[in-house]
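Below: one structure, written as C-alpha cells.
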Amino acid sequence: MYGWTGHILRINLTTKTFKNESFSEDFAHKWVGGRGFAVKILFDELKPGIDPLGPENKLIVALGPIAGIPAPNTGKAVVAAKSPLTGFYGDGNIGTRVAEHLRKAGYDALIVEGKAERPTLLYIEDDKVEFLPADEVWGQGTYVCNDWIYAKYGKGVGVLNIGQGGENMARYAVIRSLEGRAGGRPGMGAVMGSKLLKAIVVKGTKTIPQADPAAMKALGTGDLKKVGQIDKQTGWSIQSTTGVLPFCNEVAGLPVRNFRKTQHPLAWQVDGERCNDARVATYGCPTCTMRCGITILDKEGHESELDYENVALLGPNLEIFELAQVGSLNYLCDDYGLDTMSAGCTLSFYADAIDHGATDGDFRFGDAEQAKILLRWAAHREGKIGNLLADGSRRMARVFGHGSEDYAMQVKGLEVAAYNCKFIPGQALAFGVAAIGAHHREAWIITFEIKHTTRESYGPEKAAKVIELQRIRGGMFEVLVSCRFPWIENGWPLENYPKYFNLATGLNWTLDDMWKTADRIYSMIKLHFLREFPNATREDDYPPRVWFDPANADTEGPIAGKILDLEKYDTLLQHYYDQRGYDRRGIPTKATLQALGLDAEAASVSRVARLD
Ligand code: SF4
C-alpha cells in the first residue's frame, strides 16, 4: 500500500501500554484519512451513551495520505472524540508538526484510550512510546507548557497540548499546537484533560511510502512555491481572514451584541487594516506559503494571534472595539486553551441573559476587564458562574430558563461562527446542517450567497451550494487534511488535490471519488448523532430561534425589518434533505446508505435500521 503507512498507534493511558495495529487497503480506500478515519474508528469503538469525559472516550489524532509530503498547506491533523459539548462525534483540524512527525514515525493515526493516574506527557519517537510525568506544567497555560516541551525536546518536534481549560474540562476546551494554532472546538482539549493527558510530543524519522515520490516532490514543492507567489500577487495574507470584517459589517452579517445587531459604526477599529497595522509578527502552520496568523501586542503586552472569527466574536459581538483588548481576550483563550468562538458566544449570551432578566449578574457588553475575569473563571471552573460558563451557552440557557435558549447562539450545542444570519438563509442552513454543530469550516456560503444569488431566496440552489461546499471543505479537505485557503482565497484549482492523492497512493481518483467519500462521511456523522439522540427531529437542524424572531429584526441598515422566515427555512431544509437523500426527519434513507456502502453501520443504529 502506498500513500498510507498502513498503521495506527493505539495507546492505553490506564495500562501504559501501546500497540502498533495495521489496517487494510479497503479501510484506507473507504475512509481515506483524517476525519474519515476518525469517524469510522469512533463509530466502531465507542458504545453509545458513554460519558465523553470518562475514560471510555477515545481521542483520535488522524492524518491524511498527503501529510508529511511536500504539497501545499498540508501541515494539519484532525483531532476527534465524542464531544463533551454536543454529545456526539466532534472534531477539528489543527496546524501542527505532529502531522509530519506522526507519519514519519510510521502511523496514519493515533488512538488514545483510558485515563492516566497522574498528569502525563506522551512522547512518541518512531517505534518508542514513553509515558512521562507532566506534573511540573499541570496547572499552567499552553504557552508555558509549549516552552517547557521545546526546552526538553527542541523546537522541531510535533506538539499537541492543553491549558487550564482542558485540565478543568471546560466543554469547549481546544488542543493547541505551535504559536497560535488551535483545533477541536467541540471540547477535544477537555477530553485530553479528562485523561490527565497534558501533552503529546511526536518525533518521526522514517520515510513515508509513496507511489511516485520523485514526481510527487517535483509537483508538490513547485506547487507550494506557486501558491506562495499567487498569495503575494493577491495580497490575501496582508489582512488574511480579518479582511472579511468590513464585508460582514457592510452587508449586515456581523455579530454584534450577541448577534442582536448586524452592524456597528465602530467595527472599523478592529478590521483587517487595523490588525495589519498593529502586526508585530506572522504565524502559520507548517508547510504553508500563505501564513495567515496576524500577531499583535495585546493590552498587557503579550503576542496574540488574530483571525476574523476570534476578532468578531470577542470584539463586536461583546461590543468591544479596542483592538488590544480583543487581543487580550484572544490571548487568554489561547493560553487557557479555550475555543475563541464558543468563548465569545458564551460570554455574549451571558451578557444578553442579564440584559433580558433571565439571570442576575454584573457583566455588561463592552466590559473587557470583566470579560477577562470571566474567561479565567470558565477555564478554572471557578465558582458557580465559572462552572456555568465552562459548560457553554446551551447548558447555561437551560439553567437560566425564561426562554433564553432562543438566543443561545448555537446549533446542536456548538456555538455559531462569526456570521450573523438574521437575513442570510443559505448561511443559516449551512450552520443548521453542519455535521458537528454550527461550524463555518464546512460550508461558508455567505460571500457566494450575497454576491451571486438573491439574498431573499430559500430555493434549492442554496441547498445545492451548501452540499457542494460540504463535499469540498468538510469532506475532501478534511480527509486529505489539507488547508482550504489556497483554494478559497487564492483560487488554487481543486483538481490539483486528486493529483497529489494519486501520486502518493498510486490510485486514479477523480474529484467525484472525493465527493462520494465526503457523502459517506456526512452520513456517518449523522448516524453517530442518531445513535446518541434517537429522538432527534428535523428541528435539530434549525439555527438559533432568535434569527426567526420579528422582534429581533434590524430597525435600520440594509436588512431593516427583515428576518428569517421559519416556514421558508423549513422548505430550504427539505431541499437539502431531498438532495442529500435523507427523509423528512433528516435521516439518510436506506437507499442512500446502501449506495454509500454503510449498510453495516446503519444496521447498528436502531432508528435507522427500522426504516422501510
Ligand atoms: Fe495554516 Fe493559514 Fe496557512 Fe491555512 S493559510 S495552512 S490556516 S497558516
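On a predicted model such as this, the values are computed, not experimentally measured, just so you know. Both counts, for ligands and for their atoms, begin at 1 and track the order of listing.
Between Tyr143 and Tyr331, the ring planes are parallel. Angles under 30° get that label, and only those over 60° would be called perpendicular.
The side-chain tip of Lys465 points at the ring of Phe448 from less than 6.0 angstrom away and within 45° of straight on. Geometrically, Lys451 engages Phe247 in a cation-pi contact defined by less than 6.0 Å to the ring centre and at most 45° from the axis.
No heavy atom of Arg484 sits closer than 4.0 Å to any atom of ligand 1.
The CG atom of Asn310 sits 7.0 Å away from the CG atom of Asp334 when rounded to the nearest 0.5 Å. From Thr340, atom OG1 reaches atom OH of Tyr172 across 11.0 Å, with rounding to the nearest 0.5 Å.
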Taking it one step at a time, do Asp231 and Ser237 satisfy side-chain hydrogen bond (donor to acceptor under 3.5 Å, both in side chains)? CA-CA 7 Å; Asp231 188 68; Ser237 57; 2.4 Å; yes
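For atom 2 (Fe) of ligand 1, the neighbouring protein N/O/S atoms at less than 2.8 Å, given as residue and atom, are Cys292 SG.
Remark: Glu167 engages Lys198 in a salt bridge, criterion side-chain N to carboxylate O under 4.0 Å.
Close contacts between ligand 1 and Arg181 involve ligand atoms 1 (Fe), 2 (Fe), 7 (S), 8 (S) [criterion: under 4.0 Å to a heavy atom].
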